[in-house]
Amino acid sequence: MPLRITENIHNWLFSVMPEGVASLVEMTLIAVVYLTIFAVAGLFLVLLERRVAAWFQLRIGPNRVGPQGLLQTMADAIKLLTKELTGTEKADKFLYNLAPYFVIISALMALAVIPFSAEFHAFDINIGIFFLIAISSIGVIGILLGGWSSNNKYALIGAMRSGVQTISYELSVGLSLLTMVVITGSLQLSEIIEVQKSGWLILQGHIPAAIAFMVFMISGTAETNRAPFDMVEAESELGAGFHTEYSGMKFAYFFLAEFINMFIISAIAATVFFGGWLSPFGITESIPELGVFWFLLKTMALVFLMMWFRWTFPRLRVDQLLTLEWKYLLPINLVNLVLMALLVWLNLTLRL
Amino acid sequence: MSYFSDIYKGIKTLLTGMSVTGKYFVTSRKGAITQQYPDNRDTLQMFERFRGEVIMPHTDDNEHRCTGCQKCEIACPNGTIEIIWDRGIDEATGKKKKKIDQFVYHLSMCTMCGLCIDVCPHDAIKWGQNFENSVYDRSTLTRVLNKPGSTLMQGVED
Ligand code: SF4
Ligand code: SF4
């Protein structure tokens with residue numbers, strides 16, 4: 001069904017206007033669709049986070065605006081839209097205004113390569129995983145710019161911490177995904193899912209895959225600057241960290257991007273370790289439309305796991321953070337990579 | 001070797017923590033401590049140790065237990081309590097005796113520290129559960145705790 005709708009639009013566009021214009025219009029349409037997904041998913045995730053947090057803390061959470069508080073974040077977004085955009089004196093105005101777009105565009109670009117289902121996949125490049133890792137590090141430039149240009153010591157400290165954190169944990173994210181690429185033999189996300197038709201990678205690769213998954217979830221949480229790795233915006237020490245000086249919609253951009261990044265990390269984990277849009281044991285293989293459902297189910301389960309981390313663990317100190325990465329995760333990851341290579345070489349992977 | 005035992009211990013303690021919060025998450029619907037306040041105004045019960053305001057309980061015969069010893073007035077760090085006292089004739093013995101005329105309590109100055117209640121030798125005052133103390137005129141926050149015409153309960157001073 002989705003295939004035919006897009007195909008019809010595609011054919012119609014190319015029939016009414018010249019080729020160049022048509023493909024431009026098509027790109028714009030796709031961008032608009034993704035922007036909508038971005039906004040809706042972001043707002044929904046913020047609401048989910050607040051409800052889940054409330055339940056972890058024996059509270060009720062937002063439940064006044066709309067049924068079960070469903071419109072709460074909508075109302076918050078409208079409130080933020082109407083707020084005045086303030087700034088500091090002597091701030092580097094150009095970079096200050098540019099920073100939120102860096103963060104939001106990198107999140108948006110990462111969203112484009114994520115396979116929501118077999119057909120719902122905007123940009124299936126052959127270096128998908130590589131592209132995701134590369135793009136996810138661009139977001140930190142936005143954070144650094146924002147922290148530096150707002151001319152505020154808290155923002156600067158927060159941004160620098162973010163730099164330290166992202167540079168370190170980038171390695172673990174990359175290496176743990178590389179471990180899985182050893183099995184799949186391809187960086188293309190659709191190919192990776194194809195391989196998993198004979199068993200999800202976390203089963204195929206059993207022990208090293210489980211270790212890689214754990215490392216990925218830990219370093220992924222650190223990459224998105226969420227608690228317990230939220231030194232970047234540690235409220236008790238830094239005000240609000242790198243976005244202390246941002247207000248109104250520019251603040252909301254940072255906020256939404258953080259939640260979309262969480263979604264992206266979970267989506268990568270779901271794709272690489274849990275078969276993406278494949279149904280468990282192929283139970284709904286005959287109905288490919290359910291692919292989106294399975295993909296979102298798996299992603300949401302992992303998002304929930306990250307929220308669980310956040311509302312359980314206390315924040316790490318900066319030196320503990322670096323110890324965890326350089327003394328534990330990285331060596332484990334390297335050994336794990338060799339282990340996985342051996343496994344694949346000796347044909348010890350499990351295949352259904 | 002402590003490297004590996006550290007990893008093991010780390011993972012174990014993290015999982016323990018997650019199981020605790022996980023249990024809270026599953027049972028939170030039943031044990032939520034949030035009160036949906038204006039909605040449940042009629043049924044809302046404050047918990048026992050809640051410090052709303054200082055009150056002086058009276059019996060049905062309009063008797064209280066305050067002897068006017070002024071210990072609470074001295075104990076209060078904020079000067080919240082003012083006891084206006086008088087001397088009356090004790091009917092049983094015919095002697096002159098101190099009694100309270102007005103127990104004045106300025107709620108607006110009270111920090112709910114509880115020293116007055118701790119210090120009272122006769123348990124004449126205690127915590128009330130009322131928390132809806134907002135008023136339009138702050139002079140209404142000054143209250144006289146003993147009811148008009150109330151008397152000292154028999155046997156409190158023995
Ligand atoms: S609770 Fe504390 S502040 Fe209030 S009246 Fe008693 S002693 Fe004074
Ligand atoms: S309330 Fe208690 S402490 Fe205060 S004057 Fe009366 S008997 Fe004494």
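In what follows, chains are A, B, ... by sequence order, proteins preceding strands, each numbered from 1.
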Legend entry - Heavy-atom pair of closest approach, residues A:Lys327 and B:Tyr3: O-OH, 2.6 Å
Legend entry - A:Met74, CE: over 12 other non-hydrogen atoms inside 6.0 angstrom: no
Legend entry - Minimum side-chain heavy-atom gap B:Leu14-A:Thr312 below 4.5 Å: no
Inset, instruction - Working to the nearest 0.5 Å, report the span between CE of B:Met18 and CZ of A:Phe313. - result: 5.0 Å
Legend entry - Within-4.5 Å side-chain heavy-atom neighbours: B:Gln35 and A:Ile60: no
Inset, instruction - Using a cut-off of 6.0 Å, state whether more than 12 heavy atoms not belonging to B:Glu48 lie near its atom CD. - result: no
Inset, instruction - Measure the spacing between CG of B:Asp6 and OH of A:Tyr328 and express it to the nearest 0.5 Å. - result: 4.5 Å
Legend entry - Separation of B:Phe25 CZ from A:Gln57 CD (nearest 0.5 Å): 12.0 Å
Inset, instruction - For B:Thr21 and A:Trp311, test the side chains for any donor-to-acceptor distance below 3.5 angstrom and give the result as yes or no. - result: no
Inset, instruction - Using a cut-off of 6.0 Å, state whether more than 12 heavy atoms not belonging to B:Phe4 lie near its atom CZ. - result: no
Inset, instruction - For atom CG of A:Leu342, decide whether the heavy atoms of other residues, nucleotides or ligands shown that lie under 6.0 angstrom number more than 12. - result: yes
Legend entry - B:Ile11 portion near chain A, given a 4.5 angstrom heavy-atom threshold: side chain
Inset, instruction - Identify which part of A:Pro314 has an atom lying under 4.5 Å from any heavy atom of chain B, answering side chain, backbone, both or neither. - result: neither
Legend entry - Any A:Trp55 side-chain heavy atom under 4.5 Å of B:Val26 side chain: no
Inset, instruction - Using a cut-off of 6.0 Å, state whether more than 12 heavy atoms not belonging to B:Asp60 lie near its atom CG. - result: no
Legend entry - Distance flag, aromatic centroids of B:Tyr24 and A:Phe56, threshold under 6.0 Å: no
